[in-house]
Amino acid sequence: MKYKKNILYIENLSTAKLANRFGTPLYCYSLNKLIKNIEKFKSNFKKINPLVCFSIKSNNNIQLLKHIN
C-alpha cells in the first residue's frame with residue numbers, strides 16, 4: 001500500500017478507481033501484504049515455534065483463507 005498524489009494504491013490499484021467501480025464501503029485486501037506479514041511473524045518467532053491460529057469470524061473471505069491455510 002502506498003500513496004501517489006494523495007490517492008491510496010493497493011498493489012498498484014487505485015482505491016479511488018476501485019470505489020468508483022464497486023461502490024463503497026469497499027473491503028480490499030492485499031494478498032501479497034498478507035503473505036508477507038504471516039512470513040514475517042513466523043520468522044520473528046521461529047525460536048519458540050508458535051502455533052499460529054486464525055479466526056474465520058474475523059475474515060471469512062474464502063479466497064484469502066485458501067492462501068493462508
Side-chain angles (χ1 to χ4, degrees):
M1 294 187 294
K2 60 185 168 188
Y3 280 92
K4 295 179 189 175
K5 298 181 182 179
N6 292 326
I7 297 174
L8 179 63
Y9 283 76
I10 300 174
E11 294 191 16
N12 296 318
L13 296 171
S14 162
T15 55
K17 288 182 181 179
L18 291 170
N20 286 335
R21 180 173 178 191
F22 299 106
T24 59
L26 175 66
Y27 295 94
C28 186
Y29 305 96
S30 169
L31 180 59
N32 290 333
K33 183 66 171 170
L34 180 65
I35 290 170
K36 285 180 185 177
N37 286 347
I38 292 169
E39 288 173 353
K40 186 175 181 181
F41 179 86
K42 287 180 178 180
S43 175
N44 287 334
F45 291 95
K46 188 175 185 175
K47 289 182 182 180
I48 61 171
N49 193 23
L51 173 63
V52 179
C53 301
F54 184 82
S55 172
I56 292 177
K57 288 182 180 180
S58 70
N59 185 336
N60 62 359
N61 182 315
I62 299 300
Q63 296 303 315
L64 286 179
L65 295 175
K66 286 179 182 177
H67 288 281
I68 64 172
N69 182 14

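Atom set for the values below is all heavy atoms of this structure, side chains included, hydrogens, waters and symmetry mates excluded. What you see is a predicted model, and the numbers here were worked out from it, not measured in a lab.
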With a 3.5 Å cut-off and sequence neighbours excluded, list the donor-acceptor pairs that the side chains of residues 39-48 form with protein atoms.
unit_1: N44; atom_1: ND2; unit_2: K40; atom_2: O; d: 3.3

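- By the 4.5 Å side-chain criterion applied to Ile, Leu, Val, Met, Phe, Trp and Tyr, I7 is assigned to a cluster that also includes Y9.
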Donor-acceptor list for residues 13-29 side chains, cut-off 3.5 Å, not counting sequence neighbours:
unit_1: S14; atom_1: OG; unit_2: A16; atom_2: N; d: 3.2
unit_1: S14; atom_1: OG; unit_2: K17; atom_2: N; d: 3.2
unit_1: T15; atom_1: OG1; unit_2: L8; atom_2: O; d: 2.8
unit_1: N20; atom_1: ND2; unit_2: A16; atom_2: O; d: 3.3

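- Nearest approach of E11 to K33, heavy atoms of both residues: OE2-N, 4.3 Å.
- For K4, the NZ atom counts as densely surrounded, since its 6.0 Å shell holds more than 12 non-hydrogen atoms of other residues, nucleotides or ligands.
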